[in-house]
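A, B, ... follow the sequence lines: proteins, then strands. Residue 1 opens every chain.
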Amino acid sequence: MPEHIVTKKTYFWIFAVLMVLTFVTTAVGMIDLGPFNVILALLIAVIKGVLVVLFFMHIYYSERLTQLVVVAGTLWLFLLLFLTSGDYFTREWLKVPGK
Amino acid sequence: MANHVPSLALRHQFGDVEQQKEASTLGMWVFLVTEIMFFGGMFLAYAIYRHLYPAAYGMGSNELNLILGAVSTAILICSSFFMACAVNSAATGQRIALTVFLILTICLAASFLVIEMSEWYDLHQHGLMPGLGFHTDKPDASHIQLFFCMYFAMTGLHASHVLIGIGILSVMTFRAFGGDFTPVYYTPIEVTGLYWHFVDLVWIFLFPLFYLVARHAAK
């Protein structure tokens, strides 16, 4: 399988999008949008993160096994986040002493 | 492919250069997944305390300098871009360009650290360093201190990764200048790139969580 060399031009466009998103997220952060501040900031961060992983870290061009490791790692992270926070956020629903 | 590749290019346990490179990349990704879990635990602690004490998080967040945070984000993204260019230069066999891009990456990493240290110093001057004479006039001081515990623990852990990255990049710069890498063998540059982009990736999430999302929660 011939390896894929990503051009500097591709890198530049990804870099440009990342910079624009950084500016947008900072500008949006200065305005009070209630709960949408959190949603927008996290959404933009996830878009930036995916761009970095796919192009700067070459996962878009990688072989299936490496892609699988990244997807499995992310799923495992969400298991950690969801199960533990699920426990914390629902504990007060039952008035059990010593919660 | 030429038969006379440098001895570093192919170790005898691998069938060909491509397989060797894929094995190294995969190994690095497994390491990075452990790092993601490592930081993930801290992000979780952040989220739980933010859920419990949103007002204290909001007041703590407003003590941070948003512009400095945005500038250091831009600096890290720039350094990631230069690192990506370094990987491209290595793959196309441009030795001088590779060396220059690595040096640029190190310079930006160092300036990121300088900005971060100045912000830490500033927070310390304002008495916001947990444990070292922490004091604030705002209500709920103990939970504001908790916010700064999270802030210094997470940015500190990230800064230590930046510092380690500068060390690795320096070694790579010397090796690159000495002509250690060819288009056939540049796996160390590729793997260093993965590490460096990971450091950038963590900051991409740290910046909104500390500087942006809690700002308006103080009311």
- Message: Please classify the contact of L40(A) with chain B as side chain, backbone, both or neither, using a heavy-atom distance under 4.5 Å.
- Response: neither
- Is the closest side-chain heavy-atom distance between L44(B) and L80(A) below 4.5 Å? yes
- For chain A, find which of D16(B), V33(B), I204(B) contributes the most heavy-atom pairs closer than 4.5 angstrom. I204(B)
- Donor-acceptor contact present, side-chain N88(B) to main-chain I5(A), <3.5 Å: no
- Note on the structure: Looking only at L26(B), I77(B), L209(B), most heavy-atom pairs under 4.5 Å shared with chain A are made by I77(B)
- Can you say whether V46(A) sits under 4.5 Å from chain B via the side chain, the backbone, both, or neither, judging by heavy atoms? both
- Task: Indicate yes or no: at least one non-hydrogen side-chain atom of L32(B) is less than 4.5 angstrom from one of M57(A).
- Result: yes
- Item | Within-4.5 Å side-chain heavy-atom neighbours: M28(B) and T66(A) | no
- Most heavy-atom pairs under 4.5 Å with chain A, out of G41(B), A74(B), G193(B), belong to A74(B)
- Mind ranking I44(A), V53(A), I59(A) by heavy-atom pairs under 4.5 Å with chain B and telling me who comes out on top? I59(A)
- Is there side-chain contact between E22(B) and S62(A), with heavy atoms separated by less than 4.5 Å? no
- Task: Determine the option with the most heavy-atom pairs under 4.5 angstrom with chain B, choosing from G49(A), A72(A), A45(A), S85(A).
- Result: A45(A)
- Item | For chain A, the option from I36(B), T25(B), D200(B), I48(B) that forms the most heavy-atom pairs under 4.5 Å | I48(B)
- Message: Taking atom CZ as the centre, does F82(A) end up with more than 12 heavy-atom neighbours from other residues, nucleotides or ligands that are less than 6.0 angstrom away?
- Response: no
- Query: Is chain B contacted by the side chain of V6(A), its backbone, both, or neither, given a heavy-atom distance below 4.5 Å?
  - Reply: backbone
- Please determine, among F23(A), F89(A), F55(A), W76(A), the option with the most heavy-atom pairs under 4.5 Å with chain B. F89(A)
- Query: Under a 4.5 Å heavy-atom cutoff, which of L201(B), I67(B), T92(B), T34(B) has the most pairs with chain A?
  - Reply: L201(B)
- Part of Y195(B) within contact of chain A (heavy atom distance under 4.5 Å): neither
- Message: Is the ring pair F15(A)/F81(B) parallel, tilted or perpendicular, if the boundaries are 30 and 60 degrees?
- Response: parallel
- Message: For the CG atom of L18(A) and the SG atom of C78(B), what is their distance to the nearest 0.5 Å?
- Response: 10.0 Å
- Task: Count the heavy atoms belonging to other residues, nucleotides or ligands that lie under 6.0 Å from OH of Y60(A), then report whether that count exceeds 12.
- Result: no
- Task: Answer yes if the ring centres of Y88(A) and H51(B) are under 6.0 angstrom apart, and no otherwise.
- Result: no
- When every non-hydrogen atom of G73(A) is compared with those of M37(B), the smallest separation belongs to O-SD, 4.3 Å
- Distance col, row L65(A):CG vs W29(B):CH2, nearest 0.5 angstrom, shows 13.0 Å
- Answer with side chain, backbone, both or neither: which region of F12(A) has an atom nearer than 4.5 Å to a non-hydrogen atom of chain B? both
- T26(A) versus Y211(B): any side-chain heavy-atom pair under 4.5 Å? no
- Query: Taking every heavy-atom pair that is under 4.5 Å apart, which of S89(B), G69(B), P208(B), A84(B) has the most such pairs with chain A?
  - Reply: A84(B)
- Message: Would you say that K8(A) contacts V87(B) through its side chain, given a criterion of any heavy-atom pair below 4.5 Å between the two side chains?
- Response: no
- Query: Can you find a pair of side-chain heavy atoms, one from F56(A) and one from L194(B), that are under 4.5 Å apart?
  - Reply: no
